[in-house]
Amino acid sequence: MKNRLKVLRAERDWSQANLGERLDVSRQTINAIEKGRYDPSLPLAFKIARLFAMPIEEIFKDEIDEKKK
Amino acid sequence: MRQKQAHTRYMKIFAPAMLVYVIGILTVVYLREHTEVARTVLIALSLVPAVSMIVWMWGHMRYITEIDEYLRAQQVKSIMFGLAAIMSFATFWGLIELLVDLPPVPIFYVVPGFYLIQGLSFAIACRLGRNEESE
């Protein structure tokens with residue numbers, strides 16, 4: 001699953017550790033999500049969406065849906 | 001931060017439990033080899049490291065439930081890696097002992113062996129993540 005977390009974080013000038021603190025997760029978790037090595041759980045994805053005040057689908061893109069387009 | 005608190009809480013259980021485990025095993029082995037302590041006493045003393053192992057595992061279980069979901073997944077992977085390595089070694093060595101004249105390895109070495117491999121694989125997973133980040 002692709003995501004725009006790195007871009008959204010950079011727009012706000014937040015470090016990975018900073019974003020991790022806001023989401024109550026570790027810096028390693030943010031790094032793994034940004035690199036696409038880990039897909040967050042639904043509760044964490046909702047938390048991220050709430051933090052950036054955006055719908056989940058604007059942050060996370062399903063690669064299968066992307067290929068269909 | 002939550003992860004640090006969980007780690008601190010885990011270390012507060014891990015360090016004394018490990019110490020009791022090591023001291024317990026060394027004490028029983030020493031008393032058996034160098035003294036005339038009754039066997040029933042030694043059997044009772046053998047429960048000390050066994051109980052400390054339960055406390056240790058309980059602390060680890062609590063740690064896993066307290067860390068975030070990604071670190072939890074990494075922990076589970078490293079536990080599976082540690083279990084696979086130590087169980088395959090135990091199986092192989094156990095069979096080899098039947099076939100060839102090899103010195104028997106005390107079964108209590110399984111615990112430090114497991115934790116050594118589990119800890120190493122978790123550290124490697126964390127290091128790989130850190131290297132990717134610095135790319």
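Only this structure's heavy atoms are used, side chains among them; waters, hydrogens and symmetry mates stay out. Chain letters run A, B, ... following the sequence lines, proteins first and then strands; every chain starts at 1.
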* What pair of heavy atoms forms the shortest contact from A:Asp24 to B:Gln3, and how long is it? -> O-NE2, 3.7 Å
May I ask whether [X] and [Y] are part of the same hydrophobic cluster, defined by side-chain heavy atoms of I, L, V, M, F, W, Y residues being less than 4.5 angstrom apart, directly or through others?
{"X": "B:Leu83", "Y": "B:Phe108", "value": "yes"}
{"X": "B:Val20", "Y": "B:Met18", "value": "no"}
{"X": "B:Phe92", "Y": "B:Phe114", "value": "yes"}
{"X": "B:Ile79", "Y": "B:Tyr115", "value": "yes"}
{"X": "B:Phe89", "Y": "B:Leu116", "value": "no"}

So for atom [atom1], which belongs to [X], do other residues, nucleotides or ligands contribute more than 12 heavy atoms lying within a distance under 6.0 Å?
{"X": "B:Leu98", "atom1": "CG", "result": "yes"}
{"X": "A:Met54", "atom1": "CE", "result": "yes"}
{"X": "B:Arg32", "atom1": "CZ", "result": "no"}

* Asked: Quick one: what part of A:Pro40 sits under 4.5 Å from any heavy atom of chain B, side chain, backbone, both or neither?
  -> both
Measuring from atom [atom1] of [X] to atom [atom2] of [Y], what distance do you get when rounded to the nearest 0.5 angstrom?
{"X": "B:Arg72", "Y": "A:Thr29", "atom1": "CZ", "atom2": "OG1", "answer": "9.5 Å"}
{"X": "A:Ser26", "Y": "B:Gln74", "atom1": "OG", "atom2": "CD", "answer": "9.5 Å"}
{"X": "B:Tyr70", "Y": "A:Ile33", "atom1": "OH", "atom2": "CD1", "answer": "9.5 Å"}

* chain A contacts: which residues in residues 38-69 of chain B have a non-hydrogen atom closer than 4.5 Å to it? ->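 Contacts with chain A: B:Asp68, B:Glu69.
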